[in-house]
Amino acid sequence: MARKALIVEDERDTGELLAEILRRRGFEATLLLEGKPAVPWIRSHLPDVVLLDLMLPDRDGYQICEDLKLDRQTNLIPIIMVTARDLPQDRLHGLQVGANAYLTKPFTVEQLESAIHDVLIWREDLVRSGTEGEIHFELNSALQYLEELNHLLASLFLFSGLTEQQVRELMMAVRELGSNAIEWGNQKQFQRIVTVTYRIDSAKVTIVIRDTGTGFDPRNLPHAARLEDPVGHLTLRETLGIREGGFGILMARGLVDELTYNDAGNEVRLVKYFAAQVPERQLDPSAKELG
């Protein structure tokens, strides 16, 4: 049976060209000229790959991608963004909402074929390998971190017993604390590495994020929000010339079942139990200091 592909592209000539390229490579290709029908069509037909333009007349392509990637039914469908938006922040946003690949127009047939090959291999490898034992990845940039987070999100949907809401909560916590490790732990020194380990077992998902910076005292964070005084730290941050913020750890703590730092402050452990396994939550003694 022929593999199915969907092209979401408001320029008919471009869309027909992409569809013809895919048909010549054995795909049954469908073209949609508007964004609103895309998500219902994909949920109904479950294509093997989606080519998604971003600048659509009726709906934002980023939002379409995010809707699909935050849905367990459609998360594993590879999405390749094909767009004229070529700024670094555009690509970053694409990865933030879960895109598997990002092609900027104009691109060659070879570049399109390579992207399709890579995303199909990604899905096949994920389904084949599962999450037996522990999975480690190392990274040294925010862009690379987002790419790996998209892989983690797919693994959680495919292999864990977490509900969709639990997956979203855990991913928000991991995104926040991983970004903290890059920005604060490693002081944006991209030669330093952040290591992430995750394990899915019968009762829970455990994620450990470790940076290679000098660490901090997790019991003494005056510039971070605390449970008993969530905004008192803002005055100190202003005095020190630090941007507004400091809510990340407090927010992350409310999104997972367990959050603990090591004594050095350069490793954080997050635990999310499956719905039927959630134990009575116990407040970490250092929670107030951590925020």
Side-chain angles (χ1 to χ4, degrees), residues 43 46 48 65-79 95-100 118-140 142-182 185 193-211 248-249 251-262 266-282 284:
R43 287 174 176 159
L46 299 177
D48 296 280
C65 182
E66 186 171 37
D67 285 352
L68 294 169
K69 289 300 182 179
L70 289 178
D71 184 335
R72 183 174 253 115
Q73 181 188 13
T74 54
N75 172 269
L76 282 183
I77 297 173
I79 297 178
L95 291 172
Q96 285 173 334
V97 295
N100 298 96
D118 288 347
V119 299
L120 292 178
I121 291 296
W122 163 79
R123 184 173 66 175
E124 290 170 6
D125 286 347
L126 185 64
V127 172
R128 185 188 313 115
S129 63
T131 55
E132 297 178 0
E134 291 186 343
I135 295 180
H136 307 260
F137 56 86
E138 295 184 345
L139 46 109
N140 59 3
L143 195 66
Q144 187 183 3
Y145 187 61
L146 289 170
E147 291 172 342
E148 293 291 355
L149 280 187
N150 292 337
H151 182 92
L152 170 58
L153 176 63
S155 295
L156 293 175
F157 271 132
L158 186 60
F159 298 110
S160 82
L162 297 177
T163 66
E164 290 190 12
Q165 181 61 32
Q166 287 180 309
V167 170
R168 293 189 184 102
E169 291 171 350
L170 181 56
M171 290 302 297
M172 287 176 63
V174 174
R175 186 186 299 276
E176 180 66 32
L177 296 183
S179 299
N180 280 356
I182 293 171
I193 296 295
V194 171
T195 302
V196 179
T197 302
Y198 66 96
R199 173 186 286 274
I200 300 173
D201 61 36
S202 60
K204 63 187 181 300
V205 177
T206 303
I207 299 176
V208 178
I209 304 170
R210 183 182 181 89
D211 64 67
I249 298 174
M251 179 189 74
R253 187 174 296 284
L255 294 170
V256 297
D257 297 306
E258 297 176 14
L259 187 158
T260 55
Y261 273 92
N262 65 352
N266 63 353
E267 179 180 292
V268 61
R269 178 177 178 271
L270 310 173
V271 176
K272 192 79 169 175
Y273 288 91
F274 305 150
Q277 304 287 340
V278 178
E280 183 177 351
R281 181 177 295 191
Q282 295 181 350
D284 187 318

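Every value quoted in this text rests on a predicted model; they were computed, and no experiment measured them.
Residues N75 and A154 share a closest heavy-atom pair of OD1-CA, 3.0 Å. Nearest heavy atom pair, residue C65 against residue A99, reads SG-N, 3.6 Å. Here the closest non-hydrogen pair linking E169 and K272 is OE1-NZ, 2.6 Å.
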| After noting the C-alpha distance and the side-chain angles of R123 and D48, does the key distance pass the side chain to side chain contact (heavy atoms under 4.5 Å, CB included) rule? | CA-CA 10 Å; R123 184 173 66 175; D48 296 280; 3.1 Å; yes
| task | Walk me through it: do W122 and L76 pass the test side chain to side chain contact (heavy atoms under 4.5 Å, CB included)? | result | CA-CA 9 Å; W122 163 79; L76 282 183; 4.1 Å; yes
| said: Would Q166 and Y273 count as a side chain to side chain donor-acceptor pair (under 3.5 Å) here? Give the steps. | reply: CA-CA 9 Å; Q166 287 180 309; Y273 288 91; over 6 Å; no
| For D71 and F157, what are the C-alpha separation, side-chain angles and deciding distance, and is it a side chain to side chain contact (heavy atoms under 4.5 Å, CB included)? | CA-CA 8 Å; D71 184 335; F157 271 132; over 6 Å; no
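In this structure, CG in L156 is found 7.0 Å from OH in Y198, a value given to the nearest 0.5 Å. In this structure, L68 CG and R43 CZ are separated by 6.5 Å, a value rounded to the nearest 0.5 Å. Note that CE of M171 is 9.0 Å distant from CG of L70, once rounded to the nearest 0.5 Å. Here the CG atom belonging to L170 is positioned 6.5 Å from the CG atom belonging to L270, to the nearest 0.5 angstrom. Taking CG from D125 and CG from L120, the interatomic distance works out to 11.0 Å, rounded to the nearest 0.5 Å. Separation of atoms CZ (R269) and CG (L259) is listed at 10.0 Å; rounding is to 0.5 Å.
Between D257 and K204 there is no salt bridge, since no side-chain nitrogen of the basic residue lies less than 4.0 Å from a carboxylate oxygen of the acidic one.
For the pair K69 (side chain) and I77 (backbone), a donor-acceptor distance under 3.5 Å is present. Using a distance-only test at 3.5 Å, with no hydrogens or angles considered, a donor-acceptor pair links the side chain of N100 to the main chain of I79.
Looking at R168 and L162, their side chains never come closer than 4.5 Å, going by heavy atoms from C-beta outward.
Across L177, L255, V256, V167, a single residue satisfies side chain to side chain contact (heavy atoms under 4.5 Å, CB included) together with M172, and that is L255.
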